Every structure is written in structure tokens, then in C-alpha cells.
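Everything numeric here is computed off the predicted structure, so don't read it as measured data. All residue numbers in this chain count up from 1 along the given sequence.
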Amino acid sequence: TVVSGNQHSSGFPVENLLTHDKVEIHGKNYWVSPSGVPGTFILSLGCKMRFAAIRLVNTRSCGYNAWSTRQFRLLTSLTQSGPWTQVLESPELEDSRQQQDPLPLQVIALDTTTTAQYVKFQMITWYGAGGGLMFFDIQRN
């Protein structure tokens, strides 16, 4: 579940990235950060989970083709208030603004296997007006 996060507007909440749809629908099934601001969100996994990778689908903000995450950092914690441990600084993601549906599901290995109940996503850089994601999940061991 979503604990917190920033968003471009009410049509693009963090909750949208919890479901993996094959086609982007404007304002319905993806999250975008505020224009020119690094996006961030915190998810609760509901209980402690051990995992070594994440799965994600970048966004392009269909209809605009103006938002795409370039690079992000992932941190984990056993509690909502931290302390937080960085488990990934992502490779540079491909610019998805010119890609067609379905956008590719990417599996990205963490720097180390981790056990956590909370996951924090921090955008570092983006393409275009800002970043976002169409889907995000952990990949359990």
C-alpha cells in the first residue's frame, strides 16, 4: 500500500503504479511526478519480505509523451520512519517517451538481497517534464 508520495495532479496518484496494465490510459493507470521535481514515494509491503530485485514499467505519460524516469534510488527499512538503507542506484533507464505500448516490464537486481517492510523510491533524473512509472513491485526470492 502507498504510505506517501508526490504527484503531478490528482489524476496521476502513486496508487496507479500498483497495478500492471499493458496499455497506458491518460490519467488512469500511471503515476507522474510534479513537473521539474524529483518524484518520490514510500510503499508498505504489509509485512517483512525478503527480495533481491524489483519490477517496473516506466511511463511516457501517454497523450503528452513528456514524462519518463531516467534514474532513481531505492531505499528500504523495517519501519516507516527509518532508518533507511540504500539498496539500489539504478542504471540509466531508456527514454520511454517515444516507445509504443506495451512498454517493457523491466526487472532490476538490487545491489544486495534485502529484508524490508517499507520501500522508498527517490527519482534522481528524468527525461522531459518529469518522471513517473506505470508499474512498480518487488520481485520476491
Side-chain angles (χ1 to χ4, degrees), residues 1-82 84-141:
T1 59
V2 176
V3 174
S4 65
N6 61 0
Q7 62 197 37
H8 177 68
S9 67
S10 61
F12 306 100
V14 177
E15 286 82 2
N16 284 352
L17 60 76
L18 299 177
T19 303
H20 184 201
D21 295 319
K22 301 291 184 193
V23 177
E24 271 192 336
I25 302 169
H26 180 70
K28 298 280 186 200
N29 64 349
Y30 58 94
W31 162 73
V32 293
S33 66
S35 298
V37 174
T40 185
F41 59 81
I42 297 174
L43 301 178
S44 170
L45 304 177
C47 61
K48 293 178 187 175
M49 294 188 186
R50 184 172 168 82
F51 58 102
I54 58 165
R55 300 179 310 143
L56 64 81
V57 176
N58 208 344
T59 190
R60 65 174 185 278
S61 185
C62 73
Y64 294 103
N65 295 339
W67 274 263
S68 181
T69 298
R70 180 181 294 196
Q71 192 174 23
F72 64 91
R73 183 175 297 122
L74 196 71
L75 300 100
T76 60
S77 178
L78 294 174
T79 65
Q80 184 175 333
S81 59
W84 294 92
T85 301
Q86 182 174 317
V87 294
L88 174 67
E89 186 158 320
S90 76
E92 193 167 290
L93 302 177
E94 187 175 338
D95 185 351
S96 58
R97 293 176 297 164
Q98 304 309 314
Q99 295 176 340
Q100 300 299 311
D101 287 324
L103 296 173
L105 176 67
Q106 301 175 60
V107 177
I108 301 172
L110 304 180
D111 296 335
T112 183
T113 298
T114 189
T115 299
Q117 185 166 340
Y118 294 89
V119 175
K120 182 188 289 188
F121 176 96
Q122 294 178 328
M123 192 178 303
I124 300 170
T125 58
W126 56 88
Y127 301 98
L133 294 175
M134 187 173 163
F135 175 69
F136 178 91
D137 196 11
I138 63 165
Q139 181 166 311
R140 296 183 199 171
N141 292 351

Give, for atom CD1 of I25 and atom CE of M134, the distance between the pair rounded to the nearest 0.5 Å. 7.5 Å
Indicate every side-chain donor-acceptor pair of residues 9-21 with a distance under 3.5 Å to a residue at least two apart or in another chain.
unit_1, atom_1, unit_2, atom_2, d
N16, ND2, Y30, O, 3.0
D21, OD2, N29, ND2, 3.1

Closest contact, heavy atoms only, G132 versus T59: C-CG2, 3.4 Å
Side chains of T40 and N6: donor-acceptor distance under 3.5 Å anywhere? no
Nearest heavy atoms of A66 and R97, plus distance in Å: C-CD, 3.8 Å
Side-chain touch L133/N58, heavy atoms, less than 4.5 angstrom: yes
In Å and rounded to the nearest 0.5 Å, what is the CZ to CH2 distance from R73 to W84? 14.0 Å
Which residue pairs satisfy the salt bridge (Lys or Arg N to Asp or Glu O under 4.0 Å) criterion with at least one member in residues 39-68, sequence neighbours excluded? E24-R60, R55-D137, R60-D101
Between the CD atom in Q117 and the SG atom in C47, the distance rounded to the nearest 0.5 Å is 6.5 Å
Do the side chains of V2 and L43 get nearer than 4.5 Å, heavy atoms only? yes
OH on Y127 to OG1 on T69, rounded to 0.5 Å: 10.0 Å
Minimum heavy-atom separation for L110 and A53, please, with both atom names. CG-N, 3.8 Å
To check you understand the geometry: which heavy-atom pair defines the closest contact between S35 and W67, and what is its length? OG-CZ2, 3.5 Å
Looking only at heavy atoms, the pair that brings P91 and I108 closest together is CD-CG2, 4.2 Å
Identify the heavy atoms of G131 and W126 that sit nearest to each other, and give their distance. N-CB, 3.6 Å
Give, for atom CG of L56 and atom OG of S90, the distance between the pair rounded to the nearest 0.5 Å. 8.5 Å
The side chain to side chain contact (heavy atoms under 4.5 Å, CB included) partners of Q99 (sequence neighbours excluded) come to E94, S96, L103, P104
Quick check for you: to the nearest 0.5 Å, what is the distance between T76 atom OG1 and Q86 atom CD? 10.0 Å
Among F41, W31, F72, find the one that has a ring pair (Phe, Tyr, Trp, His ring centres under 6.0 Å) with F136. F41
Contact between L105 and V57 at the side-chain level, heavy atoms closer than 4.5 Å - yes or no? yes
